[in-house]
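Computed from a predicted model, the values in this text were never measured in an experiment. When a ligand or atom number is given, it counts from 1 through the structure's own listing order.
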Amino acid sequence: MAQKKNQGAHHLLNYEEKRALLEAKNQEALKGGGEQRIKKQHEKGKLTARERVDLLLDESSFQEIGKFVKHRATEFGLDKERYLGDGVVTGYGTVAGRLVYLFSQDFTVFGGSLSEAHAEKIVKIMDLAMKNGAPIIGLNDSGGARIQEGVVSLGGYADIFYRNTLASGVVPQISAVMGPCAGGAVYSPAITDFILMVQETSYMFVTGPNVVKTVTHENVTLEELGGADTHSSKSGVTHFSCTNEVECINQIKKLLSYIPQNCEDEPPHLAYNIDDEVRPQLDKIIPENSQTPYDMREVIDGIVDLDSFLEVHKNFAENIVVGFARIAGRSIGIVGNQPAFLAGVLDINSSVKAARFVRFCDSFNVPLLVLVDVPGFMPGTDQEWNAIISNGAKLLYSFCEATVPRITVIIRKAYGGAYDVMNSKHIGADLNFAWPAAEIAVMGAKGASEIIFKKEIAESKDPVAKLSEKVDEYTEKFTNPYLAANRGYIDEVILPENTRLKLIRGFDMLQNKIDKLPRKKHGNIPL
Ligand code: HXC
């Protein structure tokens, strides 16, 4: 009788049956929330969690962890609906042969919502990534906290936020938002180093359009409130706005190619043989008239290895350009004022954008190249009342604190406080170059002359002519790189066409740089 009762129990299966059971479970796990829901996901123009993993990782490299995890909730009928994996695919694999850890939320299982078990899976791979020093990539597609689970789901989010923070500056963290990401859930991507979003199919906000309408009476669509274009241009929350998921995943791979595995590692260095590095086209970019704009990207393209510039935060605060590139195979981070947008002035957004980028590069041993053409800080009540003082200080602080190799080239203007802030010698830059057209002064010639020669101009018979004479005098004396070079603030005035070679040699010379900050718990950046 007892024997009969136990016939169906697993421990009585023979070996072949046990293998078949494992195979059946593996197959079940691949199905996520079922064919109908997968179909719906595809109809929305979205890939499934597993399709995304396959696209991201090198073929056959994915090693899944926690495939058979199920939620433990019983309320609201959840005891009757359990899926293997519980709405998130987690594990590790390689991208271009380099180890990464990843999680990919499965919208077909309870809308990818985060349960206690789902959070535990993410936490497990984050802990592994930290201990083993490799990037964490999150592919987010989730309806947020699993509503039926209540506080344990909120706790699960907090467990992740905590690890995001501890991992910050230890291993690179990249978040792709490929579906909904709402409420408190946004704060995990927000803490990570880079966010990518997909146009039309992803959105991020703390409160959705319905709440916005109730509270502020604004009518706004999902896409307007928190779509990829909004966050890449208006808020700056996302660093990359991608037209589709394939582009998004390719962008993650590209980004990884410039950055090291962890804070103790060096960025990948491609083999390169120095050849003819003179770039005559650099001599033709700066217009004759110093008020005429040009595109700093042309300077960047002329300096770095062919097609190697990956611009970050392209559509936000366009008055500063930041991104990764290679120079003679070496990965570098570039910060350049952009004269083609608002004359390259430093304002709140551009300061914050550049500061965050500088801090990423410094955390992960990416040397910095700073290209300067800045008329100063942006004047106005809007800027002052929104704290250009504290926000501009973020960029200053970030440069001051950076211990990676740092080279500056003053391309044209370097005026006022912005001269100091933009990686000047005084705040720790290692090599400072200037092009012959550089203008380094406290302020522009006209404004300066009106102040310092005020009395002389007022007393003159022809104030207009006098002002013009004084402007010329000031220009000749101050708006050049030689006073700075006389003092050693500029190490060398170089011809534009030789810039690439100077930088190759400079970064080579600095490759073993060791610099330490004073011992402290941590600084107090003016947030
Ligand atoms: C449980 C959820 C869920 C959730 C979606 N689902 N969100 N289940 N908890 N949070 C389930 C749905 O019941 C549905 O199940 C399936 O996922 C797909 O959802 P749909 O609504 O059919 O999809 P769609 O029309 O595309 O709409 C997606 C959505 C919507 C906009 C995300 O589902 C939604 O508004 N969900 C709730 C979002 C939310 O308020 N979350 C809590 C946010 S607060 P079936 O069985 O029908 O397939 C939060 C706090 C985090 O997250 C705090 C951290 C500190």
Please determine if [X] has a nitrogen or oxygen closer than 3.5 Å to a nitrogen or oxygen of ligand 1.
| X | result |
| --- | --- |
| Ala185 | no |
| Gly143 | yes |
| Tyr157 | no |

My question is simple, although I want it checked carefully: is [atom] less than 4.0 angstrom from any protein heavy atom?
| atom | value |
| --- | --- |
| atom 55 (C) of ligand 1 | yes |
| atom 17 (O) of ligand 1 | yes |
| atom 34 (C) of ligand 1 | no |
| atom 48 (O) of ligand 1 | yes |
| atom 6 (N) of ligand 1 | yes |
| atom 40 (O) of ligand 1 | no |
| atom 10 (N) of ligand 1 | yes |

Tell me the protein heavy atom at minimum distance from [atom], and give that distance in Å.
| atom | answer |
| --- | --- |
| atom 20 (P) of ligand 1 | Phe107 CZ, 4.7 Å |
| atom 8 (N) of ligand 1 | Phe110 O, 3.6 Å |
| atom 45 (P) of ligand 1 | Arg37 NH2, 3.7 Å |
| atom 14 (C) of ligand 1 | Gly111 N, 4.9 Å |
| atom 24 (P) of ligand 1 | Lys44 NZ, 4.1 Å |
| atom 44 (S) of ligand 1 | Gly183 CA, 4.5 Å |
| atom 22 (O) of ligand 1 | Lys40 NZ, 4.1 Å |

Side chains of [X] and [Y], donor plus acceptor under 3.5 Å:
| X | Y | answer |
| --- | --- | --- |
| Asn423 | Thr408 | yes |
| Glu51 | His42 | yes |
| Thr192 | Ser175 | yes |
| His71 | Glu81 | no |
| Gln251 | Glu247 | no |
| Asp347 | Asn319 | yes |
| Asn391 | Ser351 | no |
| Ser142 | Asn140 | no |

(message) Quick check on Gln148 - does any of its heavy atoms sit under 4.0 Å from an atom of ligand 1?
(response)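 Yes; Gln148 lies near enough to ligand 1 that a heavy-atom distance drops under 4.0 Å.
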(message) For Phe161, state whether at least one heavy atom is located under 4.0 Å from any atom of ligand 1.
(response)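 Judged by the 4.0 Å heavy-atom criterion, Phe161 does count as contacting ligand 1.
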Assess whether a salt bridge exists between [X] and [Y], defined as any Lys/Arg side-chain N lying under 4.0 Å from an Asp/Glu carboxylate O.
| X | Y | result |
| --- | --- | --- |
| Arg406 | Asp362 | no |
| Arg37 | Glu43 | no |
| Asp127 | Arg163 | yes |

(message) Measuring from atom CG of Leu270 to atom OH of Tyr258, what distance do you get when rounded to the nearest 0.5 angstrom?
(response)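 Answer rounded to 0.5 Å: 9.0 Å.
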(request) Could you tell me whether Leu154 approaches ligand 1 through its side chain, its backbone, both or neither, with non-hydrogen atoms closer than 4.0 Å? (result)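 Answer for Leu154: side chain.
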(request) Report the part of Ala145 in contact with ligand 1, treating N, CA, C, O as backbone and CB onward as side chain, heavy atoms under 4.0 Å; options are side chain, backbone, both, neither. (result)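 Both backbone and side chain.
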I'd like to check which ligand 1 atoms, numbered from 1 as shown, lie under 4.0 Å from a non-hydrogen atom of [X].
| X | value |
| --- | --- |
| Arg146 | 9 (N) |
| Tyr203 | 31 (C) |
| Gly144 | 52 (O) |

(message) Classify the ring geometry of Phe324 against Phe194: parallel below 30°, tilted from 30° to 60°, perpendicular beyond 60°.
(response)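 Aromatic pair Phe324/Phe194 classed perpendicular.
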(request) May I ask you to establish whether Lys234 and Phe316 are in a cation-pi arrangement, using a distance under 6.0 Å from NZ or CZ to the six-membered ring centre and at most 45° from the ring axis? (result)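 Pair Lys234/Phe316 does not count as cation-pi.
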